[in-house]
Each structure stands twice: as C-alpha cells, then as structure tokens.
Amino acid sequence: MAQTEPTPPTPAAPVPTPTDFIRAAVAEDTANGRFGGRVVTRFPPEPNGYLHIGHAKAICIDFGVAEEFGGCCNLRFDDTNPVKEETEYVDGIQADIRWLGFEWHGPARYASDYFEQLYQYALQLIRQGQAYVDDLSADEIRAYRGTLTEPGRESPHRGRSVEENLDLFARMRAGEFAEGARTLRAKIDMAAGNINLRDPVMYRILHAEHHRTGTAWRIYPMYDFAHGQSDSIEGVTHSLCSLEYEDHRPLYDWFLEALGIFHPRQIEFARLNLTYTVMSKRKLLRLVNDGHVRGWDDPRMPTLGGLRRRGYTPEAIREFIRRVGVSKSDSMAEIELLEACLREDLNRRAPRVMGVLRPLRVVIENYPEGQVEALPAVNNPEDPSAGTRPLPFSRVLYIDQDDFREAPPPKYFRLAPGREVRLRYAYFVKCVGVVKDPATGAVTELRCAYDPATRGGDAPDGRKVKATIHWLSAAHALPAEVRLYDRLFQDPDPEARSDFVANLKPDSLEVIERAWVEPSLAEAAPGARYQFERQGYFCVDPDSGPGRLVFNRTVTLKSDYRPESPSQSLPTNPVSRS
RNA sequence: UGGGGCGUGGUGCAAUUGGCAGCACACCGGACUUUGGAUCCGUGAAUCCUGGUUCGAGUCCAGGCGCCCCAGCCA
C-alpha cells in the first residue's frame, strides 16, 4: 500500500458556486465527503519544452480549482522519458508558473521521485498475474495490437509464469537486455474496443541518462503506468487533464484498482486553441529551429515567455482564461478576446507617453527660435493619482507621417494643408506649407503656425478642431528602435493545414530602427509597459541597454478610423471573416 | 454497430436541471471625447436534423447527421 502523503486539512472553505462542469464535479465530491472533503490537484508538465498559452489554461484550472476549494496544487514534472527531457526546461517552467501568479504546494515533484515505488507496484501486478514480460519487438507489438476495427492477438509470451516474469523484469532493471528487447505489459484485454486496454506497455528498456536519476535506471515507466500512481502517491484527489486522455481513464482506473491504492478522480476538459497561432510543441519547436522566429521567447510566440516579452500581463492572460471558460467541446478561442483582456488591463495601468514611429518634421514658423517650454501632460487619464509630467515643446517637432495627408480622404480629420489640429497638451497648429523633396516629391517637412492663445489645448474663443495628434520636440526626443509585430499566420487555423509553415505571414515583424520617444523614457527599464498615445501599448525589450531603447509593440489601440483601402487597416486588427 | 467524446448567434461560454435562450468578445450604428483610446447607449445575429413525450423541450426519449480523439516501447 502506498502511503498517501499528508496534506493540509481542508478547512471548511466556502464552497464556490460551480461555474463549469469541473468545479461542479469537485463541489459535489466535496459535499459528498468523497476524499474526505479534501481537494488536491496537480499540474504535470513534461520538461521537454516551454509552456505556452494552452498550458496557461491547464495551470489556471489546476491551481484555480485547488485554491477555490481551499485545497492545494502540486507541481509534478512528468519526467518518464529520459531521451526527451532536460533540466533547462524545468527551470523555465517553474519561472513561467510563478510569473502567471501561482505557487505550488511544497517542493516541485518529479515522477522520477517515484521510480522505486512504481517498480514495486509493477512487481505487485506481476505477482497478481496482471503483468508480464513480453519479448515482442516494437513492430511485432504493433502488429499484434490489431486495428481500430479488429481485435488484437495475444502475445505468445503472455502466459509466462509469475516466477519467470519476476526474474525477467529484475534482469530488465539490471540492464541485462538491449534497448527495446523486452517490455513489461499489463495483462488486460487484447480484444478491447479501447486500444489502450490491449495489454499496454508499462515499462520499456532505455539505456539513456535521465536528467535526475542519471544512469540508475535502465527501464522507465510509460505515462499510463506512472501518472495515475504518481497522483495516488501524492494524494491527488482530482487529476484534471485534457480530452485526449479520456480514452486513458479506463486504464488509469484499472491500474489503481488492481493495485488497491488511493484512487484519484480523473476529469478531462478541452484544451485551448487560439486563432492565428499554433500550439503544439512540435510545431513551436520547428518555428524556433527553422529560424522563423528568434527563439522561444520571440514576442510573436504563444509561449508564456513570448507573451511576457511581448508585454502581456499575467493578469490579462488569467482573465482571458477565465472568460474562455471550461468545457468539453473542441473549440477555438479568438485571439481578439485575448487582446481585449490585454487592452482592458493595460488601459488601466499603463502610463501614457508620446512616441513617433515614422517621423515627419514640423516647423512652427511663428514659434520663437530657441524657446522651450514644459507643458504638463497627464500620465494616465484612467488613474488621476498617476499625476502629470512635463513635456518639452519647441519650434521644431516630429509628428507621425500618418497624421498628415496632403490630399485628405473623406473622414480623415488629421492634419492637411490649411487645416488646424490640436497638438496634444500643447497648442492648436495650422498647416501653412508643405516642403517636398524636389527629386521624389515626397513630403519632407511641414510648415505650421501655432495659436499662442490655445496653450494647453483649449481655444478661448471656443473654436474646435476635429483631431488631436501626438508630437515630440525634435531637439528633446530620444531615438528608439521599435519592433512591430503582427500575427504569425495568415490563416485563423494554421494547424488545420498540412504544412502550417506555408501559412506563415511573411512580414510578421517590422523593425523601425529610428523612431522617437519622449525624454521621460530615458531610464525606462526592460519589461516596463507604456501606452504610446493614439497608437498602442509598447514595452521595453530586454535588448535595451544604457543609451539604447528598444520597444516591442504589445498590441495596437482600437481605432474607429478605417483608411480608404481595407488593405491598409491596422495590422493587428482582425481580418474580417464572414 | 471498434472504442471514447462533442454539437446553442461570427467566436467562447451560460440557461435556476422541463418554464420568457443570457453574458463576454467580434461586428454594425449612435452619444461623448484634449488619445479616431477609454466610457456610455443601441441594432442585428443561435439551440445540428427528423420524429416523439409534455400545457410547455436547448434540456427528456428514439432515430439520423456532422465534427474531434485513439492503432508510440511519446506525454
């Protein structure tokens, strides 16, 4: 019998209202006194890759359910396959979970902590005549397994005596046999409709070095034999996992039942899918290895590291997961929902600053040469306590090229020849001249006149302007590199394609080498998030250093204005689908 | 008749377990605005199909249809 690890008694916590089928099931178990009212869950990542937004859903469910029911959640690395797993990922995964805002109960655990106990369990099944050593090769096992519609055949070694099985299994452990030479199998039912029950492999021989147990073991348990028993050893009450394990539940239950040990309840939910992105580790790995992105934490990646670098907040991600809900139907959440959660969060907390991405020089002809004045700008209209900061204003400014049209289309309210607009927190200015490059005809400079009476942005005569644009004093602006990200794929469901790589957007990253930001950003620290007024949310990339500012555009602001041609709509805005 | 699961507006989730189909995102329109942001108001839009039970069905029953997962010594 396994000792169930003592877990803190669950206090008479207020039972939360069930909001989904899992919480309803847990609430029912709690009410019925099943598991003595305890609630213990676990998050069981395999340390063979970095966590992504799909894992965030599992994390929020595993940790969230435990927390809501006054229980606890373990972190257990499912490290039963030494050839794929690495310590590097163990650290990254822990950091990501903590960044998301969760803390596991006690130390991080490992399935490999239980290898000896698992071995003893295997011995028990052999003695009970419910497991046997098979000499069939991998190919033979596959052939004997049958197909989805035809039953399998029993292995010729299925009838070995307990003694022989015990001997052979001990020798497997001792390393007497070559990799793949033998396996330990559960004796269940080769005719079962559920293929998982056709004498599943429990142990395979692997002469590989394990990231934690080194070369102590030559045999390693398969997922099915390790997971449920690990849950049992840890006293997990509710083992929440994704839908593809539904077919494994009969096997999960079978092992626990045969062993006669503490029997947790496995409940499955649909994993998260997101439009315009891929979620499988294999595909993400390929994006990294083939150089389609700059690494696991490329801001275009749906990895938690990528989202973090992009400027996402853990709060936004958790809110997104909450809104997506939990169910058993395969579904694909829209990236727009994630972005909505992000904007909601950032709108509340991100300080506003001025940033000019594509500068257009503006000379205020009637503003005194050499004069500089500091105009107060509101740091966050959503948060009065954030105060104001001084913004330097002078004769030569930068505005964004987008904010001027020599021939403005209808509904375009910004600057144009003869038109007056407000420079935010500064003055009304009117465009009185346009300077062009004689060779190309490109607009290189605007000549404007300001109205001194409108200082701060209000006209005493009550005159109105239809647009307010952002600006920077050219002499005071700081240069910055700005990286604009678009979604990685053109198709909302790139995983549906046979070759998802063919669906990559060719220009998902645009680097603006020389953009300008306001001087208050001189000391901006990596990770800091800002709203560049009228443009979007940006964060300081870790590539920044002393004297070098690099910003990532996290997400654009929503805008009612749609340029003339639909193809010019803001890049991160949704492609409309019918 | 291989096994398992799932079908509610464009998307994701609800519906007191048989009682007026609701919320969010998206979309569209309007108000307001010193961010074409935010905020506020509003429109449109759904129960896979066919039968049955019932005063009443998204919910119960029967039969269809569609989609997803499973044939690793991966997890």
Which nucleotide in the list [options] gets nearest to the side chain of [X]?
X	options	value
A:Y412	B:A75, B:G36, B:G12	B:G36
A:D330	B:C68, B:C27, B:G36	B:C68
A:R142	B:A71, B:A75, B:U35	B:A71
A:S329	B:G5, B:G36, B:G7	B:G7

field: Side-chain touch A:E244/A:D247, heavy atoms, less than 4.5 angstrom
entry: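 Not touching, per the 4.5 Å side-chain cut-off.
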Note to self: Between A:Y119 and A:P221, is there a side-chain heavy-atom distance shorter than 4.5 Å?
What the structure shows: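 A:P221 vs A:Y119: side chains apart.
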| request: Please list residues of residues 45-60 of chain A whose heavy atoms come under 4.0 Å from any atom in RNA chain B, ordered by number; otherwise none. | output: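 Close to the strand are A:E46.
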inquiry  = Short of 4.0 Å, heavy atom to strand atom, which residues of residues 349-357 of chain A count as contacting RNA chain B?
reply    =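 Of all residues in residues 349-357 of chain A, the ones placing a heavy atom under 4.0 Å from RNA chain B are A:R352.
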A:H210 ring center within less than 6.0 Å of A:F115 ring center
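Yes; A:H210 has its ring centre under 6.0 Å from that of A:F115.
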Does the gap between the ring centers of A:F532 and A:F551 come in under 6.0 Å?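 For A:F532 and A:F551, the ring centres are under 6.0 Å apart.
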When you compare B:C13 with B:A26, how far apart are their C1' atoms, in angstrom units rounded to a whole number?
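Approximately 15 Å lies between the C1' atom of B:C13 and that of B:A26.
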Could you check how far CG of A:L423 sits from P of B:U35, rounded to whole Å?
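Rounding to the nearest Å, CG of A:L423 and P of B:U35 are 13 Å apart.
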> Counting heavy atoms not belonging to A:K430, are there more than 12 under 6.0 Å from its NZ?
Replying inline: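 No, NZ of A:K430 has 12 or fewer neighbouring heavy atoms, counting only those of other groups under 6.0 Å.
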Handout entry: Toward the 5' end of RNA chain B, by each residue's nearest nucleotide, A:S137 or A:V324
Key =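 This one resolves to A:V324.
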Q) Closest nucleotide of RNA chain B for A:K84 versus for A:A191: which of these residues is on the 5' side? A)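 Upstream on the strand: A:A191.
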Intra- and inter-strand pairing of RNA chain B, written as dot-bracket with Watson-Crick and G-U pairs under 3.5 Å and | for the latter, reads .((((((..((((.....[..))))..((((.......)))).....(((((..]....))))))))))).....
Any donor-acceptor pair under 3.5 Å linking the side-chain atoms of A:N74 with those of A:E234?
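Looking only at side-chain atoms, A:N74 and A:E234 do form a donor-acceptor pair, the distance falling under 3.5 Å.
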Checklist line | Side-chain N or O of A:R249 closer than 4.0 Å to phosphate OP1/OP2 of B:G4 | finding: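 No, because none of the side-chain N or O atoms of A:R249 sits under 4.0 Å from OP1 or OP2 of B:G4.
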Exercise for the section: Can you spot which of A:E382, A:E315, A:E344 makes a salt bridge (charged side-chain N to carboxylate O under 4.0 Å, His left out) with A:R349? Expected result: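 It is A:E315; the other options fail the test.
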